[in-house]
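Have a look at this one before I ask anything.
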Amino acid sequence: MNSQNNGAIVTLWVIAIILIIGAVAYSLLEALRAIAPVIAAIIAGAFAIAGAILKYALEVEKAAEIKRKELMQDNYKSILSKLSTYIKSKGIDEEPLGSAHLESWVVASPKVIELTQQFMEKQSDLRLKALLKQMRQDVGLTINDLEKVQLLAFTTDKGGVLEVESNGTDG
């Protein structure tokens with residue numbers, strides 16, 4: 001009889017433990033249902049904060065890159081002005097657009113360099129307009145309405161300075 005009592009006691013303990021585990025699991029499930037929106041809001045907030053921090057870091061990095069490029073361009077302009085003196089001392093006559101063209105080799109697109117060379121070889125309204133259109137495209141401006149703009153005069157004065165007159169419309 002002792003072993004039957006022991007078996008019954010063990011069975012009661014097992015049932016009690018199963019009931020306790022079930023009650024705890026049910027309580028946890030109900031608690032999770034109640035706090036799930038709060039947890040979701042906390043996670044969403046954490047991602048929003050992380051996103052804002054990342055965006056700020058990228059903006060700071062982009063601003064620093066822009067500043068670095070501006071400093072590089074200023075430095076290159078300084079070097080190019082010194083190169084202009086070197087070119088003159090070598091007996092090479094600098095063309096009116098020579099220094100600007102030299103600078104374009106550093107900062108301009110290959111198409112602008114090509115069109116500048118073509119314009120320097122033979123100056124014409126057509127080549128100037130093609131060059132100006134490409135420069136506008138390079139800096140992100142549209143060229144759609146440029147057909148309405150007319151170059152009225154194109155002259156070079158005695159000092160070698162290029163003068164371009166337009167019909168007064170702003171393109």
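Sequence positions, counted from 1, serve as the residue numbers for this chain. Only this structure's heavy atoms are used, side chains among them; waters, hydrogens and symmetry mates stay out.
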To the nearest 0.5 Å, how far apart are CD in E121 and OG1 in T116?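 Here the rounded value is 11.0 Å.
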
Can you tell me which residue pairs pass the side chain to side chain donor-acceptor pair (under 3.5 Å) test with a partner in residues 58-67, sequence neighbours excluded?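 Pairs touching residues 58-67 that pass the test: E65-R68.
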
Acceptor/donor pairs from residues 7-33 side chains to any protein atom, 3.5 angstrom cut, sequence neighbours excluded:
| unit_1 | atom_1 | unit_2 | atom_2 | d |
| --- | --- | --- | --- | --- |
| T11 | OG1 | G7 | O | 2.7 |
| S27 | OG | A23 | O | 2.9 |
| E30 | OE2 | R33 | NH1 | 2.5 |

Report yes if the side chains of Q118 and K122 come closer than 4.5 Å at any heavy-atom pair, otherwise no.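 The answer is no; the side chains never approach within 4.5 Å.
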
Interatomic spacing from CD in Q117 to CD in E114 - rounded to 0.5 Å: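 With rounding to 0.5 Å, CD (Q117) is 7.5 Å from CD (E114).
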
Would I35 end up clustered with I43 when hydrophobic side chains under 4.5 Å apart are linked, directly or stepwise?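 Shared cluster, yes.
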
Any E70 side-chain heavy atom under 4.5 Å of I66 side chain: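 Yes, close enough: below the 4.5 Å cut-off.
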
From CG (L115) to NZ (K133), nearest 0.5 Å: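 Taking CG in L115 and NZ in K133, the distance rounds to 11.0 Å.
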
